[in-house]
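Throughout, protein chains are lettered first and strands after them, A, B, ... in sequence-line order, and every chain is numbered starting at 1.
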Amino acid sequence: MSKRTRYWLMKSEPDDFSIDDLARVQVEPWTGVRNYQARNFMREMQVGDGVLFYHSNADVPGIYGIAEVACTAYPDPTQFDRKSKYFDEKASREQPRWELVDVRYVRTLKRPIALDDIRAQADALGEDFALIRKGNRLSVLPVTAAQWKTLLSLE
DNA sequence: GCCAACGTTGGC
DNA sequence: GCCAACGTTGGC
């Protein structure tokens, strides 16, 4: 990996795991990503990378907090757990399919940055910003330094 | 709860 | 390798 992305956006359904939950536990393994593109982004992550914590399927979808990458990627244990909803019968310990990183709480935004506000900045963010591309469903995506700055200026 | 958009699966 | 069927995501 020659080029390093320093910033990311990670989605979570707050009913499942919210920024408040992360504040309580401080560090959390980001289990359950079952999309190859999202997994590959997590493989690129390095300790200390900045993470925008996004609430999807929320009353007001948007960015609610800041976190950071706490370790590099390792196999997601839920893929081996028959009782987990994330169990994947095609994965084995010898040949894991899914990886994750641990995420550490940094802070909760004073005011969440709503998806509507993010869309209003589409020009500044650029058309390639995956979060606001039509039909986007990616749950882990890279953010440039400029996008990070633009987004946090909306807080 | 609906549904558009997208990824994955599997038959051929 | 194509593509229809199916499942999932996520905004509304």
Side-chain angles (χ1 to χ4, degrees), chain A residues 1 5 7-25 28-45 49-69 73-144 147-148 150-155:
Chain A
M1 181 60 38
T5 307
Y7 301 105
W8 309 91
L9 182 144
M10 299 174 84
K11 297 180 185 174
S12 180
E13 299 191 18
D15 289 346
D16 187 43
F17 189 81
S18 71
I19 188 71
D20 293 339
D21 294 322
L22 185 61
R24 198 172 331 109
V25 299
E28 177 76 3
W30 204 261
T31 54
V33 170
R34 295 294 180 266
N35 171 282
Y36 289 106
Q37 209 180 340
R39 179 204 65 183
N40 292 345
F41 285 137
M42 289 201 286
R43 283 180 171 169
E44 294 179 27
M45 290 181 183
D49 282 2
V51 174
L52 297 169
F53 195 115
Y54 182 92
H55 284 184
S56 60
N57 276 317
D59 288 344
V60 180
I63 298 164
Y64 281 71
I66 311 290
E68 65 180 14
V69 174
Y74 63 96
D76 180 343
T78 63
Q79 71 192 300
F80 311 126
D81 180 2
R82 256 176 202 290
K83 295 190 291 291
S84 169
K85 66 175 170 175
Y86 300 125
F87 175 70
D88 184 344
E89 62 181 7
K90 290 178 185 156
S92 67
R93 287 182 192 278
E94 295 70 35
Q95 291 212 304
R97 278 190 158 193
W98 307 110
E99 293 179 41
L100 53 68
V101 297
D102 290 355
V103 164
R104 175 180 294 111
Y105 178 77
V106 174
R107 70 183 178 89
T108 302
L109 296 194
K110 297 185 283 286
R111 194 177 67 87
I113 303 166
L115 180 58
D116 287 346
D117 299 333
I118 297 170
R119 284 219 182 91
Q121 296 297 314
D123 287 347
L125 292 166
E127 288 184 5
D128 62 325
F129 188 46
L131 182 70
I132 50 177
R133 260 200 317 248
K134 187 180 169 119
N136 166 66
R137 291 161 43 196
L138 202 55
S139 64
V140 177
L141 52 107
V143 174
T144 66
Q147 288 164 344
W148 176 275
T150 299
L151 289 166
L152 288 183
S153 74
L154 304 175
E155 182 181 1

Report yes if the side chains of A:Val103 and A:Val101 come closer than 4.5 Å at any heavy-atom pair, otherwise no. yes
Please report, rounded to the nearest Å, how far the P atom of B:dT8 is from the CZ atom of A:Arg97. 9 Å
Taking only side-chain nitrogens and oxygens of A:Tyr54, does any of them come within less than 4.0 Å of OP1 or OP2 of C:dG11? yes
If you only use heavy atoms from C-beta on, which nucleotide in B:dT9, C:dG11, B:dG7 is closest to the side chain of A:Ser56? C:dG11
For A:Asn57 and C:dC12, give me the distance from atom CG to atom C1', rounded to whole Å. 10 Å
Rounded to whole Å, the CG-C1' distance (A:Asp15 to C:dT9) equals 15 Å
Checking C:dG11, C:dG10, B:dG7 against the side chain of A:Asn35 (C-beta onward), the nearest is B:dG7
A:Lys11 side, atom NZ; A:Asn57 side, atom CG - distance, nearest 0.5 Å: 9.5 Å
Which one, C:dC12, C:dG11, B:dT9, comes nearest to the side chain of A:Lys90? B:dT9
To the side chain of A:Asp116, which of C:dC12, B:dT8, C:dG10 is closest? C:dC12
Suppose we call two aromatic rings close when their centres sit under 6.0 Å apart. Are A:Trp8 and A:Phe53 close by that rule? no
Just to be sure I understand the rule, does A:Arg133 reach a base, reach only the sugar-phosphate, or reach nothing, if contact means heavy atoms closer than 4.0 Å? nothing
Looking at A:Arg39, I'd like to know whether one of its side-chain N or O atoms comes within less than 4.0 Å of OP1 or OP2 on B:dG7. no
What's the CZ-C1' distance between A:Arg119 and C:dG10, to the nearest Å? 10 Å
Separation of C:dT9 atom P from A:Lys11 atom NZ, nearest Å, is 11 Å
Has A:Gln79 got a side-chain atom pairing as donor or acceptor with A:Arg97's backbone, closer than 3.5 angstrom? yes
Would you say A:Asp21's side chain and A:Ser18's backbone share a donor-acceptor pair under 3.5 angstrom? yes
Separation of C:dG10 P from A:Ile132 CD1 (nearest whole Å): 16 Å
Check the distance between C:dT9's P and A:Tyr36's OH and give it to me in whole angstrom. 14 Å
In whole angstrom, what separates A:Leu9's CG from C:dG10's P? 11 Å
Out of B:dA5, C:dG10, C:dC12, minimum distance to the side chain of A:Lys134 belongs to B:dA5
